Protein chains: 2
Amino acid sequence: MHKENDLTKNQQIIFDLIDKSPEPLKAYSILFNVQKKGIKAPLQVYRALDKLVEMGKIHKIESRNAFIACQNSSCQVSKATAFSICEMCEKITEISSSSLSKYLANFKDKDGMKYSKYNLEFFGLCKKCR
Amino acid sequence: MHKENDLTKNQQIIFDLIDKSPEPLKAYSILFNVQKKGIKAPLQVYRALDKLVEMGKIHKIESRNAFIACQNSSCQVSKATAFSICEMCEKITEISSSSLSKYLANFKDKDGMKYSKYNLEFFGLCKKCR
DNA sequence: AAGTTAATGTTATAATATAACACTATGTAA
DNA sequence: TTACATAGTGTTATATTATAACATTAACTT
Ligand SMILES: [Zn+2]
Ligand SMILES: [Zn+2]
Ligand SMILES: [Zn+2]
Ligand SMILES: [Zn+2]
């Protein structure tokens, strides 16, 4: 029987690394960190990252080309993500606000179109850096 | 006297190209297109792009590494941008909705923090592709 | 067991972006 | 007008991010 959320070996290694990291990780920094576990080539990393993103276990911070573990279980279905990014210290936090997600999921553009998939990145200074 | 919004030669060439384009342009496609005008190296393109983004004349579509002319004059101050992206045909439109921009500018995260700078990318199917 | 699909390993290469340094143009102020 | 400061340019080299192509192996389905 197929378990929907079982990770393969490479996926698990890479997910564990990202999940433990206090900050988003870049693909080649992931590669460097997992070479001792036998993952030698960029493609092995990118393939695992693609799947993990697809599953919603991690998200890509597009403006930083970096990957962060999902901090909020609902993204596994929605692919609707929001982050705050500190422009001083680069601290990145996933925002989990039901009012925000409701507002965005119900937002209609001028053609009346709604979008269930989106990515929002807020920029500013975090608590410490203010 | 310094005119705040005068573009330099390279900036003007590159802005004109992007502004005329019906679709977002990537840096190396820009480079290819302006080589006949004497812009020969990636850095010349990236430097102009950086300035144009800073001025708000163009925006970067982060999930596509592509650049689009601002379709809405207010961004020149705010750096608060929103786009809809068709996942079928890649048509990209800048969203100009005062209710959306008000909502996002007033959004407070769980620390009570507000953000005047953000980038939002909606994904779905455009009118034609539905 | 045979067929199918998903994941892996590997080499090579494409696409995106920046570092460093010398030089030029433009604006400001003695 | 000369000196100074600042912003933009040209150029070469290189760093960083991501994918193509192909052979192989593992896992699931019938
Ligand atoms: Zn999430
Ligand atoms: Zn900070
Ligand atoms: Zn704009
Ligand atoms: Zn479309």
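A, B, ... follow the sequence lines: proteins, then strands. Residue 1 opens every chain. Please read all numbers here as calculations on a predicted model, not as lab measurements.
Taking 4.5 Å as the limit, every side-chain heavy atom of B:Lys57 sits out of range of all side-chain heavy atoms of B:Gln11. Between B:Val45 and B:Tyr28 the shortest side-chain heavy-atom distance does not fall below 4.5 Å. Taking 4.5 Å as the limit, every side-chain heavy atom of B:Asp50 sits out of range of all side-chain heavy atoms of B:Glu54. In this structure the side chain of A:Arg47 never reaches within 4.5 angstrom of the side chain of A:Asn10, judged on heavy atoms.
Residue A:Lys60 places none of its side-chain N or O atoms closer than 4.0 Å to OP1 or OP2 of D:dT17. Between B:Thr8 and D:dT9, a side-chain N or O to OP1/OP2 separation shorter than 4.0 Å is present. A close approach under 4.0 Å does not occur between any side-chain nitrogen or oxygen of A:Lys9 and OP1 or OP2 of C:dT8. Put simply, A:Asn65 has no side-chain N or O that comes within less than 4.0 Å of OP1 or OP2 on C:dT16.
The OH atom of A:Tyr118 lies 5.0 Å from the OG atom of A:Ser101; values are rounded to the nearest 0.5 Å.
Aromatic rings of A:Phe107 and B:Phe122 (six-membered ring for Trp) have centroids within the 6.0 Å cut-off, being under it.
Atom NZ in B:Lys51 sits roughly 7 Å away from atom P in D:dA7 (whole-Å rounding). C:dA15 atom P lies 16 Å from atom CZ of B:Phe67, rounded to whole Å. Per the geometry, CG belonging to B:Asn10 stands 16 Å off P belonging to C:dT24, to the nearest Å.
Between A:Asp50 and B:Ala48, the residue whose closest nucleotide on DNA chain D is further toward the 5' end is B:Ala48.
Note on A:Glu90 versus A:Arg64: salt bridge recorded, some NZ/NE/NH1/NH2 to OD/OE distance being below 4.0 Å.
Distance alone, capped at 3.5 Å, places no donor-acceptor pair between the A:Gln71 side chain and the A:Thr93 backbone.
The stretch residues 40-47 of chain A touches DNA chain C through A:Lys40, A:Ala41, A:Leu43, A:Gln44, A:Arg47, each having a heavy atom under 4.0 angstrom from the strand. Proximity of residues 11-28 of chain B to DNA chain C (heavy atom under 4.0 angstrom from any strand atom) is restricted to B:Lys26, B:Tyr28.
With A:Phe123 as the partner, the side-chain contact (heavy atoms from CB on, under 4.5 Å) test is satisfied by one option alone out of A:Ser63, A:Cys86, A:Ser84: A:Ser63.
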